[in-house]
Amino acid sequence: MEDLRDFIRDRVRRDLADGVVEGVVTRFPPEPNGYLTIGHAKSICLNFGIAEEFGGNTYLRFDDTNPLKESQEFVDAIRRNIDWLGFDWGTVTFASDYFDDLYRFAEELIDNGLAYVDSQSAQDVAATRGSFTEPGRESPYRNRPIDENRELFRRMRAGEFADGEHVLRARIDMGAANLVMRDPVLYRIRHATHHRTGDDWCIYPMYDFTHCLCDALEGVTHSLCTLEFENNRELYDWVLDNTGVEFHPPQIEFSRLNLEYTVMSTRFFRMLVERGGVAGWDDPRLPTLSGLRRRGYTPEMIRDFCSRIGVTKQENRVEMELLEFCARNALEDAAPRGMAVLDPLPVTITNYPSDEDEVLEAPWHQKRPELGTRRITFGRSLAIERDDFMESPPRRYRRLSPGEMVRLRHGFIIRCDEVIRDVDGEAVELRCAYFPESKSGSDTSGLRPKGVVHWVSRSSGVSADVRLYDRLFSVAAPSPDEMESQLNPESLVARKALVEPALVEAEASRFQFERLGYFYKDPVEHSAATPVFNRIVTLRDSYRP
RNA sequence: UGGGGUGUCGCCAAGCGGUAAGGCACCGGGUUUUGAUCCCGGCAUACGCAGGUUCGAAUCCUGCCACCCCAGCCA
């Protein structure tokens, strides 16, 4: 976490040293039109991180200028996400807090002949914008007298016109090479109820007009945004240079995060949520912060990940392995261990002397004895993973097969003597002998089995729902137009597992199921009566058959 | 096609004229009652390409090439 270096931090450091700014003020400006993703986390870590490191302040500012797409639900969810990530915002603001100020700045532009009310249709505005190579054509309303513009704008705000009848446009240059500068729309009429200002307004300012002014009004010293806004920077500067606002923040762009096998598309996720393709915005397969949280990721993991990916202007697509590494890295020391069998194959200990089980003790964490121990039961009736038995194993197989021995983790060594099969020849039960003197921790048997497998007592084991999550898409880089068909049909596999009771009884919520992976008690569906575990990530597996 | 950007190992990413950091991944080996962890070692004569300047270039210059963004009354 310490000593993060990137071109933006270098810039901030330089500005501070050169006295260009006296302190640092950043802002994280989400539009409340969906849930935050891990892509936003990159921006959050950057903005809040810089303020923390340089003793500055960060505004959480909701960019709520489009009432058609935004809602209170999203505002609330975003606040919860940021809170969860562990960042303290100095102040929460809304672009809508500045609607009055913005209106006055617009009047100022009109008064200076730098904005006009255009009464063309949206189609005409688009048709006269020109192309990459052709200049645009000036609107017939472009030279409207200032007084008329002022009056028309007043009437727009007063609600005298229908949606689309007029817009307020900046009067810049229809021949500009940068299309953003060809008389951009500043205000449009929208008779829609806003989640905060209700029906107070029926005209709403556009992003390009709003964002720079809000930054300036809040004294933002470094306005950080993603690469796709590079073209908008010229307009950002134009607005600030042509209004009476006293402060002029620099806009600095960095590349957004792309992750393999997923997308960061709010629009696509909304569709998935609405069509039931996923359980909700917090579906553990989604790269939303709510989804990652429900999957079992912690804020520390996300922040560690963000510190490892860096900040540059290069387009990127980070491998999932890095995110998974961050999860395992944090869980290796933190997570208590336990045993669960996802696909049980019954094992009967034929020479077990009693029908009574015996209690064994096993450490919660082999390397952290201070975590204590839990009790596991051993007896005649057990189960191992179906994958841990093979009739005719390959050369270096280290699990159970006919006639071979294997150690039951924290228990005894057993030998497979007989395989019971069903009519299809499928193994349905293993009849094994155990070696009483091979008890874990006090083994005097001298036997050297070639492997260790996890197991659970069938008489005391608890049935649990285990959800095995995998990548959302089956391709590393989903293409925008084929996303639906590229979804991974096996992104969720539900299993009825047999787990040791201590796992359910324990206070902890994240565990390592030995040899399988890290799992998290589902925060909404898990209960002692109906245990539900989400797989956060598998263990690394170097086994090559 | 005009404008704005970016090109360093499979994926991220340092480097800012003095002779290629680091992380992830991967490959060996050791330890191991998790094929995990941990430990040790390996992994770009090479920086999109071609010229040039220089004693010396990933870093400077010129010319190409590739990729990304922009023609919403979205953000």
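Each chain gets a letter, A, B and so on, in the order its sequence line appears, and its residues count up from 1.
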N/O-N/O pairs, protein side and nucleotides 26-31 of chain B side, under 3.5 Å:
{"residue": "B/C26", "atom": "OP2", "partner": "A/R540", "partner atom": "NH2", "Å": "3.2"}

Starting from C1' on B/U34, measure out to CH2 on A/W364 and report it in whole angstrom. 16 Å
Does a side-chain N-to-carboxylate-O contact under 4.0 Å join A/D97 and A/R196? yes
Scan A/K450 against the nucleic acid and name what it touches under 4.0 Å (heavy atoms): base, sugar-phosphate only, or nothing. nothing
Do any side-chain nitrogens or oxygens of A/R515 fall under 4.0 Å of OP1 or OP2 in B/G35? yes
Angle class for the A/Y204/A/H194 ring planes (parallel below 30°, perpendicular above 60°, tilted otherwise)? parallel
Do any side-chain nitrogens or oxygens of A/Q314 fall under 4.0 Å of OP1 or OP2 in B/G7? yes
Any strand: nucleotide that pairs with B/G7 via Watson-Crick or wobble, under 3.5 Å: B/C65
Any donor-acceptor pair under 3.5 Å joining the side chain of A/R233 to the base of B/G4? no
Using atom CG of A/L179 as one end and atom P of B/C73 as the other, report the distance to the nearest whole Å. 11 Å
Taking 4.0 Å as the cut-off, does a side-chain nitrogen or oxygen of A/T312 come that near to OP1 or OP2 on B/C12? no
When you measure from the side chain of A/D215 to the backbone N and O of A/P249, does any donor-acceptor pair fall under 3.5 Å? no
Nearest-0.5 Å distance that lies between atom OH in A/Y434 and atom CZ in A/F378: 6.5 Å
When we call it a touch if two heavy atoms are under 4.0 Å apart, what does A/N232 touch: a base, just sugar-phosphate, or nothing? base
Any donor-acceptor N or O pair under 3.5 Å, side chains A/S440, A/H410: no
Which of residues 121-142 of chain A have a heavy atom under 4.0 Å from RNA chain B? A/S121, A/A122, A/A126, A/R129, A/G130, A/S131, A/F132, A/T133
Considering every strand shown, what is the Watson-Crick or G-U wobble mate of B/A36 when both distances are under 3.5 Å? none
Partners of A/Y187 by ring-ring contact (aromatic ring centres under 6.0 Å, His included), sequence neighbours excluded? A/F153, A/F209
How is A/G441 classified with respect to the nucleic acid when contacts are heavy atoms under 4.0 Å: base, sugar-phosphate, or nothing? base
Pick base, sugar-phosphate or nothing for A/R317, based on heavy-atom distances below 4.0 Å to the nucleic acid. sugar-phosphate
If the C1' atom of B/A20 is compared with that of B/A14, how far apart are they to the nearest Å? 10 Å
Spacing between A/K69 atom NZ and B/C73 atom P, to the nearest angstrom: 13 Å
Salt-bridged, A/D15 to A/R11, with N to O below 4.0 Å? yes
Base, sugar-phosphate, or nothing: which does A/H410 touch, judged by heavy atoms less than 4.0 Å apart? base
Does any donor-acceptor pair link the side chain of A/R337 with the base of B/U34 at a separation under 3.5 Å? yes
Any residue meeting side-chain hydrogen bond (donor to acceptor under 3.5 Å, both in side chains) with A/E321, in chain and number order, not counting sequence neighbours: none
Which value, in whole Å, describes the distance between the P atoms of nucleotides B/G10 and B/C27? 15 Å
Give a yes/no on whether any side-chain N or O of A/R182 is located under 4.0 angstrom from OP1 or OP2 of B/G3. no
Using whole Å, what does the distance between atom P of nucleotide B/A13 and atom CG of A/L46 come to? 13 Å
Could you check whether any side-chain N or O of A/W455 sits under 3.5 Å from a backbone N or O of A/R409, counting only pairs where one atom can act as donor and the other as acceptor? yes
Can you name the residues that form a side-chain hydrogen bond (donor to acceptor under 3.5 Å, both in side chains) with A/D237, not counting sequence neighbours? A/H248
In whole angstrom, what separates A/F74's CZ from B/A75's P? 16 Å
Could you tell me the separation between the CZ atom of A/R415 and the SG atom of A/C432, rounded to the nearest 0.5 Å? 9.0 Å
Indicate, with a heavy-atom threshold strictly under 4.0 Å, whether A/V452 touches base, sugar-phosphate, or nothing. sugar-phosphate
Euclidean distance, atom OH of residue A/Y187 to atom C1' of B/G72 [Å, nearest integer]: 18 Å
With a cut-off of 3.5 Å and sequence neighbours excluded, list every side-chain donor-acceptor pair involving residues 323-341 of chain A.
{"residue": "A/R328", "atom": "NE", "partner": "A/T538", "partner atom": "O", "Å": "2.7"}
{"residue": "A/R328", "atom": "NH2", "partner": "A/T538", "partner atom": "O", "Å": "3.3"}
{"residue": "A/E332", "atom": "OE1", "partner": "A/Y518", "partner atom": "OH", "Å": "3.4"}
{"residue": "A/R337", "atom": "NE", "partner": "A/A335", "partner atom": "O", "Å": "3.0"}
{"residue": "A/R337", "atom": "NH2", "partner": "A/E332", "partner atom": "O", "Å": "2.5"}
{"residue": "A/R337", "atom": "NH2", "partner": "A/A335", "partner atom": "O", "Å": "3.4"}

What pairs with A/E358 under side-chain hydrogen bond (donor to acceptor under 3.5 Å, both in side chains), at least two apart in sequence or on another chain? A/Y352
Any A/R188 side-chain N or O less than 4.0 Å from OP1/OP2 of B/A75: yes
On RNA chain B, does the nearest nucleotide to A/R190 precede the nearest nucleotide to A/V453 from the 5' side, or the other way round? Give the residue. A/V453
Starting at atom CD1 of A/I309, determine the distance to atom C1' of B/A25, rounded to an integer number of angstrom. 17 Å
Just checking A/F229: base, sugar-phosphate only, or nothing, at a heavy-atom cut-off of under 4.0 Å? base
Which atoms of nucleotides 22-24 of chain B (N or O only) lie under 3.5 Å from a protein N or O atom, and what are those distances?
{"residue": "B/G23", "atom": "O2'", "partner": "A/R308", "partner atom": "NH1", "Å": "2.8"}

Tell me every residue that passes salt bridge (charged side-chain N to carboxylate O under 4.0 Å, His left out) with A/D163, counting only those two or more places apart in sequence or in another chain. none
With nearest nucleotide decided by heavy atoms, which residue, A/Q366 or A/V185, maps closer to the 5′ end of RNA chain B? A/Q366
Can you tell me how far P of B/G5 sits from CD of A/Q251, to the nearest Å? 12 Å
Please name all residues satisfying salt bridge (charged side-chain N to carboxylate O under 4.0 Å, His left out) with A/R396, sequence neighbours left out, ordered by chain then number. none
Residue matched to B/G56 through Watson-Crick or wobble contacts both under 3.5 angstrom: none
Can you check nucleotides 64-68 of chain B for protein contacts, nitrogen or oxygen pairs under 3.5 Å, and list what you find?
{"residue": "B/C68", "atom": "O2'", "partner": "A/E315", "partner atom": "OE2", "Å": "2.9"}

Reckon A/R169 touches a base, only the sugar-phosphate, or nothing at all at heavy-atom distances under 4.0 Å? nothing
Can you sort out the partners of A/R399 under side-chain hydrogen bond (donor to acceptor under 3.5 Å, both in side chains), two or more places apart, ordered by chain and number? A/D388
